Amino acid sequence: MKRIVVLISGSGSNLQALLDCASAGQLGGEVVAVISNKAEAYGLERARLAGAATAVVANGDYPDREAFDAALMDIIDGYQPDLVALAGFMRILTPGFVRHYQGRMLNIHPSLLPKYQGLHTHRRAIEAGDGEHGASVHFVTEELDGGPVILQARVPIFEGDDEAQVAARVLVQEHAIYPLVTRWFCEGRLAMQDGKAWLDGHELPPQGYAAQDD
Ligand SMILES: Nc1nc2c(c(=O)[nH]1)N[C@@H](CN(C=O)c1ccc(C(=O)N[C@@H](CCC(=O)O)C(=O)O)cc1)CN2
Ligand SMILES: NCC(=O)N[C@@H]1O[C@H](COP(=O)([O-])[O-])[C@@H](O)[C@H]1O
């Protein structure tokens with residue numbers, strides 16, 4: 001059974017999707033620990049209810065990014081993870097941290113990468129007048145939200161949508177694609193090599209696979 005450590009900063013609904021998939025025996029791994037940089041993150045309660053270990057490593061307790069990342073790495077490695085899953089984790093990670101976990105660290109990002117790397121993706125898509133938006137699961141690299149994309153899911157943006165409506169529509173898709181990609185990794189089907197994502201020995205296209213509607 002693969003060991004998964006999940007990093008969060010907030011509500012943890014993507015964490016919950018992973019936990020639910022694991023408890024149904026469908027993830028191919030177990031969430032052994034959930035670590036947050038925010039003590040008030042509700043995702044920590046979700047973890048406790050699911051029986052996972054929890055820890056808080058608050059970035060405000062450290063003088064700089066490197067010290068925070070070193071402390072975070074130390075806690076993570078104590079759980080001996082096969083996979084580190086960022087799930088609404090809101091800190092930019094240093095090159096040293098990323099190199100340590102490269103190839104075994106995933107992120108769920110609320111946009112159709114490479115569009116809208118960074119924050120406030122839904123607002124930016126609405127303001128740009130985009131007709132569609134979505135979510136991407138990618139390997140984490142030093143380049144912020146620039147790692148090879150594995151799987152994307154698309155949603156429409158309707159006239160008059162506000163940020164909350166778009167975010168909710170995207171979140172539904174996030175909860176579907178993140179457990180799927182995590183399972184692919186736990187099953188040994190997914191790898192990162194030469195800066196590309198590979199599934200079942202095949203190089204994925206730049207924007208990964210497109211999730212199909214039900
Ligand atoms: N080196 C990398 N670090 C992180 C990546 C990555 O691909 N490479 N993915 C992000 C996740 N993320 C979007 O998906 C993201 C998280 C945080 C930020 C950001 O600007 N954070 C600010 C603080 C913001 C806040 O506290 O609200 C910061 O760290 O100064 C952008 C994108 C995770 N890290
Ligand atoms: N750049 C990172 C980022 O914006 N991540 C986004 O934060 C939300 C976390 O929700 P959750 O805590 O309920 O999973 C999710 O929409 C996730 O894609």
Side-chain angles (χ1 to χ4, degrees), residues 5-21 31 34-47 50 54 56-69 72-73 76 84-125 133-155 163-179 181-182 192 195 197 208 211:
V5 169
V6 181
L7 305 189
I8 64 168
S9 296
S11 165
S13 71
N14 274 287
L15 164 66
Q16 191 64 59
L18 296 173
L19 290 168
D20 292 346
C21 196
V31 177
V34 176
I35 303 169
S36 175
N37 66 312
K38 301 285 185 186
E40 67 274 21
Y42 181 67
L44 291 168
E45 180 60 16
R46 295 180 193 267
T54 61
V56 174
V57 183
N59 48 281
D61 292 346
Y62 298 87
D64 54 43
R65 243 177 243 281
E66 283 68 20
F68 168 70
D69 281 15
L72 184 58
M73 197 186 301
I76 292 170
V84 177
L86 309 184
F89 183 69
M90 301 305 284
R91 296 298 297 177
I92 298 171
L93 294 161
T94 57
F97 185 101
V98 172
R99 279 195 298 272
H100 185 70
Y101 297 108
Q102 190 138 301
R104 59 185 175 118
M105 182 159 59
L106 300 174
N107 181 51
I108 178 83
H109 180 76
S111 82
L112 296 174
L113 292 171
K115 292 188 83 170
Y116 310 126
Q117 294 166 326
L119 298 175
H120 312 300
T121 63
H122 310 309
R123 183 196 313 163
R124 291 154 67 190
H133 191 42
S136 305
V137 182
H138 64 96
F139 280 107
V140 176
T141 60
E142 291 177 32
E143 183 192 354
L144 184 62
D145 304 325
V149 176
I150 301 157
L151 186 61
Q152 292 188 322
R154 296 168 184 274
V155 300
E163 204 175 330
Q165 288 170 306
V166 175
R169 202 172 297 139
V170 171
L171 214 46
V172 169
Q173 297 303 319
E174 293 182 37
H175 298 162
I177 65 175
Y178 211 7
V181 173
T182 300
M192 180 173 149

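Both ligands and their constituent atoms are indexed starting at 1 by order of listing. Below, each value reflects all heavy atoms present in this structure, side chains not excepted, and no hydrogens, waters or symmetry copies. None of these values were measured; they are calculated from a predicted model.
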Polar atom proximity, His122 to ligand 2 (N or O, under 3.5 Å):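 So ligand 2 has no N or O lying under 3.5 Å from an N or O of His122.
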Heteroatom proximity flag, Met90 to ligand 2, N/O under 3.5 Å: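 Between Met90 and ligand 2 (N or O atoms, distance only) the closest approach is not under 3.5 Å.
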With a 4.5 Å cut-off on side-chain heavy atoms, are [Y] and [X] touching?
X: Ile35; Y: Phe89; answer: no
X: Ser36; Y: Thr54; answer: no
X: Arg65; Y: Thr94; answer: yes
X: His175; Y: Asn14; answer: yes

So, does Ile8 sit close enough to ligand 2 that a heavy atom of it is under 4.0 Å from the ligand?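 Heavy atoms of Ile8 never come under 4.0 Å of ligand 2.
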Which protein non-hydrogen atom lies closest to [atom], naming both residue and atom, and how far is it?
atom: atom 9 (C) of ligand 2; result: Gly88 CA, 3.7 Å
atom: atom 12 (O) of ligand 2; result: Gly12 N, 2.8 Å
atom: atom 18 (O) of ligand 2; result: Glu174 OE1, 2.8 Å

Ring-plane angle category for His109 and His138, please: parallel below 30°, perpendicular beyond 60°, tilted otherwise.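 Taking His138 first and then His109, their aromatic rings stand perpendicular (interplane angle over 60°).
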Heavy atoms only, cut-off 4.0 Å: how does Leu86 contact ligand 2, side chain, backbone, both, or neither?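 Neither part.
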Least distance between heavy atoms, Leu144 atom then Gly118 atom: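 Closest approach of Leu144 to Gly118: CD2-CA, 4.2 Å.
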At their closest point, which heavy atom of Leu18 faces which heavy atom of Ala85, and how far apart are they?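 So the minimum-distance heavy-atom pair works out to CD1-CB, 4.4 Å.
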Assess, by modelled atom type and distance only, whether the side chains of Arg46 and Ser11 contain a donor and an acceptor separated by less than 3.5 Å.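 Side chains of Arg46 and Ser11: pair found under 3.5 Å.
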List for me each residue that meets salt bridge (charged side-chain N to carboxylate O under 4.0 Å, His left out) alongside Glu142, sequence neighbours excluded, and say none if there are none.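 Arg99.
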Arg123: what forms a salt bridge (charged side-chain N to carboxylate O under 4.0 Å, His left out) with it, not counting sequence neighbours?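 Counting only residues at least two positions away or on another chain, Arg123 forms a salt bridge (charged side-chain N to carboxylate O under 4.0 Å, His left out) with Glu163.
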Under a strict 4.0 Å criterion on non-hydrogen atoms, which protein residues are in contact with ligand 1?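 Arg65, Leu86, Phe89, Met90, Arg91, Ile92, Leu93, Val98, Asn107, His109, Leu119, His138, Val140, Thr141, Glu142, Glu143, Leu144, Asp145.
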For atom 4 (O) of ligand 2, the option (of Gly118, Ala167, Pro110) bearing the nearest heavy atom: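 Of the listed residues, Pro110 has the closest heavy atom.
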Quick one: which of Ser9, Ser111, Ser13 has a heavy atom closest to atom 11 (P) of ligand 2?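 The residue whose heavy atom sits nearest atom 11 (P) of ligand 2 is Ser13.
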With heavy atoms of Leu171 as the reference, note each atom of ligand 2 found under 4.0 Å away.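 Those of ligand 2 that fall under 4.0 Å from Leu171 are 15 (C), 16 (O).
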N/O donor-acceptor pairs under 3.5 Å from side chains in residues 164-172, not counting sequence neighbours:
{"residue": "Gln165", "atom": "OE1", "partner": "Asp162", "partner atom": "N", "Å": "2.8"}
{"residue": "Arg169", "atom": "NH1", "partner": "Pro156", "partner atom": "O", "Å": "2.8"}
{"residue": "Arg169", "atom": "NH1", "partner": "Asp161", "partner atom": "OD2", "Å": "2.6"}
{"residue": "Arg169", "atom": "NH2", "partner": "Asp161", "partner atom": "OD1", "Å": "3.1"}
{"residue": "Arg169", "atom": "NH2", "partner": "Asp161", "partner atom": "OD2", "Å": "3.3"}

